[in-house]
Trainee: 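Let me give you the structure first, and then I'll get to my questions.
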Amino acid sequence: MTPPSDGSIEPSRPETDVAAAIQAVLDGSPTDTVWMVPVRGRAGEILDFEARAASSCARDIRGRAGRQLIGTRPFSAYPSIVAGPLHGLYLRVMETGEPGEIVRYPYTEASEGVPRHSVYTVKVARVFGGLLVSWIRNDEDDRLAMRLAQTERLGNLGWGRWNLVTGDIEWSEQLYRIHGRDPADGPIDLERYREIAHPDDLTVIDRAVEAMNTVETPYEYEIRVRVGDDYRLLRNVAEISRDGTGRPIEVHGLIQDITDWRRTADQLAAAEQRLVEESRLTAELQHIVLPVQEEFLTLPGLRVAVRYDAAATAPLGGDWYQAIGLNDDEALLAVGDVAGSGLAAASAMAKLRHAITGLAFADQTPEQILVTLNRLLRRMRPDVLATALVARFRAQDRRLTFTHAGHPPMLLVRDGVVHRLLQPGVLLGVFDDVDYVGASVQLEPNDLLVMFTDGLIERPGRDLFEGLDILSATITAVLRTAPADQLAAVTNALAPSNTSDDTCILVAHLSSIVPEVS
């Protein structure tokens, strides 16, 4: 490949599915947002960034919009930002990973010799090795119009005004979009509006006209109108303005396209009819896939407690655990979390749980298990993402080997002090080929291992590190009382932080008497 003339190294292409996923998200975003990857020099320094995805409504000061922005490089395209605060923010976020924001950033660019001044609020975050940059234009003269346009776009509604005396008609930009009409063709008058209405809804229009002529309050009704080859369902709220004699002079209308909302509502109504049966099946599946374990398990060198706490809003989710002896000397300990809830997540969870168990019996190491599991997931359930923590314990030498796939750390409690064990690895199901690296630690008699899914420490508005600190403090406080049964005391003290998410907890206690290495 011929190197670029400016001496830079072309940014490495991200995985196709990652770029496509980011573009798919931005396609549905109502904000001005682009995702950029760094352009580096031969020494690794960042020379510029290159846009690889853009929201459809993103627009720069030169009028480029949407995917026209893909391929642009900000330092080259907007040279006045170089060496300024925005330039520094890009580099700082890329280096530290900490998101940043500049409020009311003034930008000036000369166009045909005339300076153009704009004011923006810019937010920057590091995402998948690049920068996600979003901005809002804060120019005082545009602020009110921008807010109104955003409200109409987000609510898929528009407004119209029909003067009954002069014949003047005014439509908002979103109203043209709702009707699939080019603004150059102008708005539709009230009489011609009947031509695009569904024939069965003409009586609805007649009743609305009669009501507006006789009542003083706004009148609301729903009609179907033809847009292209299809009919869309519109909710209209209309009000009549009158002169001093009471004669109608103007109609003001607020029109919202509720086609998708009504379709969704109908689908939800149908789904509600299946809830009772699904609840029964869910309860049965819970007991089949993840049996309730009331008693402690005795495994080689370990006593183990396991618990599953269902979410308050969904009796079955994707969280799972496994604790099983592999032979007279080894045991498998694992927890995991499949994204989502309900029967689909439970089905994927069952496949993963059984697959991990089978791979462990085939003498695969934790890292080999996760590599195989990731390939299995990508081929059988490419729509699923999952986390997992897998460990093997060998009683003879008290050796624990483990690794993670996007999962919270395992806790090792020794002499009342809580240590975090983490061997990081990428989520299951993201990439086709991933390598995982294992770690090992030698346990001591009376050590405790605590494994869990994120429902134990996650809470809206609180980061996971704070949740880990609280969990560690809880365990320390419990053990400070010197309970006779440390396993029972710690297990009983753990409670989910987020009742809207299901939680799995696995606590293992190393027996005080274990086989010595021969």
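Keep in mind that what you see is a predicted model, and the values were worked out from it rather than measured.
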Trainee: Using the test salt bridge (charged side-chain N to carboxylate O under 4.0 Å, His left out), find all partners of Arg381 that sit at least two apart in sequence or belong to another chain.
Mentor: Asp383
Trainee: Please tell me whether Tyr308 and Asp319 have a donor and an acceptor in their side chains that are separated by less than 3.5 angstrom.
Mentor: no
Trainee: Does the side chain to side chain contact (heavy atoms under 4.5 Å, CB included) test come out yes or no for Met451 and Val390, once each step is laid out?
Mentor: CA-CA 10 Å; Met451 304 165 67; Val390 181; over 6 Å; no
Trainee: What's the spacing between Arg52 CZ and Glu50 CD if we round to 0.5 Å?
Mentor: 4.5 Å
Trainee: Show the atom names and distances, to 0.1 Å, of all donor-acceptor pairs under 3.5 Å that link a side chain in residues 462-471 to residues at least two apart or in another chain.
Mentor:
{"from": "Arg462", "atom 1": "NH2", "to": "Ile457", "atom 2": "O", "distance (Å)": "2.9"}
{"from": "Arg462", "atom 1": "NH2", "to": "Ser497", "atom 2": "OG", "distance (Å)": "3.0"}
{"from": "Asp463", "atom 1": "OD1", "to": "Phe465", "atom 2": "N", "distance (Å)": "3.1"}
{"from": "Asp463", "atom 1": "OD1", "to": "Glu466", "atom 2": "N", "distance (Å)": "2.7"}
{"from": "Asp469", "atom 1": "OD1", "to": "Arg420", "atom 2": "NH2", "distance (Å)": "2.5"}

Trainee: With rounding to the nearest 0.5 angstrom, report the CG to NE2 distance, Leu412 to His419.
Mentor: 6.0 Å
Trainee: Go through the structure and list residues passing salt bridge (charged side-chain N to carboxylate O under 4.0 Å, His left out) with Asp48, not counting sequence neighbours.
Mentor: none
Trainee: If only atom types and distance count, is the side chain of Thr453 paired as donor or acceptor with the main-chain N or O of Asp337 below 3.5 Å?
Mentor: no
Trainee: OH/Tyr436 to CD/Glu367 distance, rounded to the nearest 0.5 angstrom?
Mentor: 12.0 Å
Trainee: Would the distance check show the side chain of His404 and the main-chain N or O of Leu422 forming a donor-acceptor pair, the cut-off being under 3.5 Å?
Mentor: no
Trainee: Might you point out which heavy atoms bring Leu69 and Ala51 nearest each other, and give the distance in Å?
Mentor: O-CB, 3.3 Å
Trainee: A cation-pi test, strictly: NZ or CZ of Arg307 under 6.0 Å from the centre of the six-membered ring of Tyr321 and no more than 45 degrees from its axis. Yes or no?
Mentor: no
Trainee: Under a 4.0 Å threshold between the charged nitrogen and the carboxylate oxygen, would Asp60 count as salt-bridged to Arg137?
Mentor: no
Trainee: Is the shortest side-chain heavy-atom distance between Val507 and Leu494 below 4.5 Å?
Mentor: yes
Trainee: Do the side chains of Ile102 and Leu86 get nearer than 4.5 Å, heavy atoms only?
Mentor: yes
Trainee: Can you list everything that forms a salt bridge (charged side-chain N to carboxylate O under 4.0 Å, His left out) with Arg414? Sequence neighbours excluded, please.
Mentor: Asp447
Trainee: Would you indicate whether the side-chain heavy atoms of Thr72 and Arg64 approach each other to under 4.5 Å?
Mentor: yes
Trainee: Answer whether the closest heavy-atom distance between the side chains of Phe452 and Cys504 falls below 4.5 Å.
Mentor: no
Trainee: Can you find a pair of side-chain heavy atoms, one from Ser440 and one from Phe402, that are under 4.5 Å apart?
Mentor: no
Trainee: To the nearest 0.5 Å, what is the distance between CG on Leu352 and CE on Met380?
Mentor: 9.5 Å
Trainee: Under 4.5 Å between any side-chain heavy atoms of Leu449 and Met410, yes or no?
Mentor: yes
Trainee: Any donor and acceptor pair, going by atom type alone, linking the side chain of Ser55 with main-chain N or O of Thr33 inside 3.5 Å?
Mentor: yes
Trainee: When you measure from the side chain of Gln68 to the backbone N and O of Ala65, does any donor-acceptor pair fall under 3.5 Å?
Mentor: yes
Trainee: With distance as the sole test, does Asn374 use its side chain to make a donor-acceptor pair with the main-chain N or O of Gly429 at under 3.5 Å?
Mentor: yes
Trainee: I'd like to know if the side chain of Gln368 and the backbone of Thr365 have a donor-acceptor N/O pair within less than 3.5 Å.
Mentor: yes
Trainee: So which heavy atom on Ala405 is nearest to which on Leu428, and how close?
Mentor: CB-CG, 3.8 Å
Trainee: Would the distance check show the side chain of Asn492 and the main-chain N or O of Ala488 forming a donor-acceptor pair, the cut-off being under 3.5 Å?
Mentor: yes
Trainee: Is there a side-chain contact between Pro106 and Tyr120, using heavy atoms and a 4.5 Å cut-off?
Mentor: no
Trainee: Grab the two heavy atoms, one from Ala508 and one from Val304, that are nearest each other, plus how far apart they are.
Mentor: CB-CG2, 4.0 Å
Trainee: Answer yes if the side chains of Thr403 and Gln423 hold a donor-acceptor pair under 3.5 Å, and no otherwise.
Mentor: no
Trainee: Walk me through it: do Leu506 and Leu333 pass the test side chain to side chain contact (heavy atoms under 4.5 Å, CB included)?
Mentor: CA-CA 8 Å; Leu506 187 156; Leu333 305 175; 4.2 Å; yes
Trainee: Using 0.5 Å steps for rounding, measure from the NZ atom of Lys123 to the CG atom of Leu89.
Mentor: 12.5 Å
Trainee: Side chain to side chain contact (heavy atoms under 4.5 Å, CB included) between Leu421 and Val441: does it pass, once the steps are laid out?
Mentor: CA-CA 9 Å; Leu421 303 181; Val441 62; 4.1 Å; yes
Trainee: In terms of side-chain geometry, is the basic nitrogen of Arg392 or Glu330 positioned less than 4.0 Å from the acidic oxygen of its partner?
Mentor: yes
Trainee: Please say whether more than 12 non-hydrogen atoms of neighbouring residues, nucleotides or ligands are located less than 6.0 Å from CG in Asp266.
Mentor: yes
Trainee: Would you give the length of the straight line joining atom CG of Asp432 to atom CZ of Arg379, rounded to the nearest 0.5 angstrom?
Mentor: 5.5 Å
Trainee: Tell me the closest heavy-atom pair linking Pro38 and Gly129, and the distance in Å.
Mentor: CD-O, 3.5 Å
Trainee: For the residue pair Gly325 and Leu299, what are the closest heavy atoms and their distance?
Mentor: N-CD2, 3.5 Å
Trainee: Which atom pair, heavy atoms only, marks the closest approach of Pro300 to Asp328?
Mentor: CB-O, 3.7 Å
Trainee: Are Trp35 and Gln23 side-chain neighbours, meaning at least one heavy-atom pair lies under 4.5 Å?
Mentor: no
Trainee: Output all residues satisfying salt bridge (charged side-chain N to carboxylate O under 4.0 Å, His left out) with Arg399, sequence neighbours left out; order by chain, then residue number.
Mentor: none
Trainee: Does the Gln442 side chain pair with the main chain of Asp397, one donor and one acceptor, at a distance under 3.5 Å?
Mentor: yes
Trainee: Parallel, tilted or perpendicular: which one describes the rings of His87 and Phe75, with boundaries at 30° and 60°?
Mentor: tilted
Trainee: Side chain to side chain contact (heavy atoms under 4.5 Å, CB included), that's the test. Do His509 and Phe296 meet it? Break it down for me.
Mentor: CA-CA 10 Å; His509 182 225; Phe296 293 160; over 6 Å; no
Trainee: Got a sec, which residues hit side-chain hydrogen bond (donor to acceptor under 3.5 Å, both in side chains) with Gln486, two or more places apart in sequence or on another chain?
Mentor: none
